[in-house]
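Reviewing the structure listed below.
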Amino acid sequence: QEQLVESGGGLVQAGGSLRLSCAASGLTFKSTAMGWFRQAPGKEREFVAAINWSGATTYYADSVKGRFTISRDNARNMVYLQMRSLKPEDTAVYLCAADRTGQAIGVMRSRIDYWGQGTQVTVSS
């Protein structure tokens with residue numbers, strides 16, 4: 001069955017960097033748009049970044065623009081989130097997501113077919 005598994009979360013000081021990975025299986029990865037969401041305690045899940053099936057189109061939330069970069073490797077069925085200049089307000093569970101239509105704008109609008117279980121990112125001040 002379709003599965004998304006995140007890794008790379010952890011504890012980092014403010015100003016530091018982390019790279020999250022998401023491994024996809026059981027789906028046609030090369031025709032699937034991918035993205036990242038996050039959810040902090042007491043807050044709603046929010047969109048972070050999206051990338052279309054080819055990698056040519058990306059979208060970012062205003063809160064992470066210029067600090068985070070989403071990328072994909074279609075030969076390895078992997079999507080990544082490089083996070084730089086991390087802030088305490090970035091602390092959350094980060095979730096990998098997939099949209100079978102292949103459109104990044106669909107991910108941005110929460111049109112999601114499959115979700116990962118999430119990986120914890122904690123940024124200390």
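One-based numbering along the sequence shown. For clarity, every value in this text was computed on a predicted model and none was experimentally measured.
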Margin query: Please determine whether side chain to side chain contact (heavy atoms under 4.5 Å, CB included) holds for the pair R38 and L95, giving the CA-CA distance in whole Å, both sets of side-chain angles, and the decisive distance to 0.1 Å.
Written below: CA-CA 6 Å; R38 66 188 183 186; L95 300 150; over 6 Å; no
Checklist line | Neighbour count above 12 (heavy atom, 6.0 Å) for R19 CZ | finding: yes
Notebook entry, point to check: Between CG of N74 and CE of M34, what distance do you get to the nearest 0.5 Å?
Noted result: 10.0 Å
Next item on the list: Nearest 0.5 Å please: distance from the OG atom of S125 over to the NZ atom of K87.
Entry: 14.0 Å
Notebook entry, point to check: Would you say L20 and Y114 are hydrophobically clustered, going by side-chain heavy atoms of ILVMFWY under 4.5 Å?
Noted result: yes
Check: Would a distance-only check, ignoring hydrogens and angles, find a side-chain to backbone donor-acceptor pair under 3.5 Å from R72 to F29?
Finding: yes
Check: If you round to the nearest 0.5 Å, how far is OG of S17 from CZ of R67?
Finding: 10.0 Å
Next item on the list: Using atom types as modelled and distance alone, determine if a side-chain donor or acceptor of T119 lies under 3.5 Å from a backbone N or O of Y94.
Entry: no
Check: When you look at I70 and Q82, which way does the side chain to side chain contact (heavy atoms under 4.5 Å, CB included) test go after all the steps?
Finding: CA-CA 6 Å; I70 188 170; Q82 179 67 57; over 6 Å; no
Notebook entry, point to check: What is the minimum heavy-atom distance between L18 and V12, and which atoms define it?
Noted result: CD1-CG1, 4.0 Å
Check: Does N52 use its side chain to pair, donor to acceptor, with the backbone of T57 at less than 3.5 Å?
Finding: yes
Item checked: Straight-line distance of I51 CD1 to Q103 CD, nearest 0.5 Å -> 14.5 Å
Note to self: I'd like to know whether V48 forms a side chain to side chain contact (heavy atoms under 4.5 Å, CB included) with L81, so could you lay out the CA-CA distance, the side-chain angles of the two residues, the decisive distance to 0.1 Å, and finally the verdict.
What the structure shows: CA-CA 10 Å; V48 175; L81 186 69; 4.2 Å; yes
Note to self: On a heavy-atom basis, which atom in D73 and which in Y80 lie closest, and how many Å separate them?
What the structure shows: CB-CE1, 4.2 Å
Checklist line | Euclidean distance, Y59 OH relative to K65 NZ, rounded to 0.5 Å | finding: 10.5 Å
Next item on the list: State, to 0.1 Å, how close Y60 and F68 come at their nearest heavy-atom pair, and which atoms those are.
Entry: CE2-O, 3.3 Å
Next item on the list: Please step through salt bridge (charged side-chain N to carboxylate O under 4.0 Å, His left out) for the pair D99 and R111, ending with a clear verdict.
Entry: CA-CA 7 Å; D99 172 7; R111 187 255 179 266; 3.4 Å; yes
Next item on the list: Can you establish whether the number of heavy atoms outside Q117 located under 6.0 Å from its atom CD is more than 12?
Entry: no
Checklist line | Heavy-atom closest contact (E6 atom, G118 atom, distance) | finding: OE1-N, 2.9 Å
Next item on the list: Look at the side chain of D90 and the backbone N and O of M83, then say whether any donor-acceptor pair between them is shorter than 3.5 Å.
Entry: no
Check: Rounded to the nearest 0.5 Å, how far apart are CG of L27 and CG of D113?
Finding: 9.5 Å
Check: Nearest heavy-atom pair of V107 and A33: which atoms, and what distance?
Finding: CG2-CB, 3.8 Å
Notebook entry, point to check: Looking at the rings of W36 and F47, which for Trp means the six-membered one, are their centres under 6.0 Å apart?
Noted result: no
Next item on the list: Not counting sequence neighbours, list each pair that qualifies as a side-chain hydrogen bond (donor to acceptor under 3.5 Å, both in side chains) and has a residue in residues 22-34.
Entry: none
Next item on the list: Would you please test V79 and C96 for side chain to side chain contact (heavy atoms under 4.5 Å, CB included) and show each step?
Entry: CA-CA 9 Å; V79 64; C96 184; 3.9 Å; yes
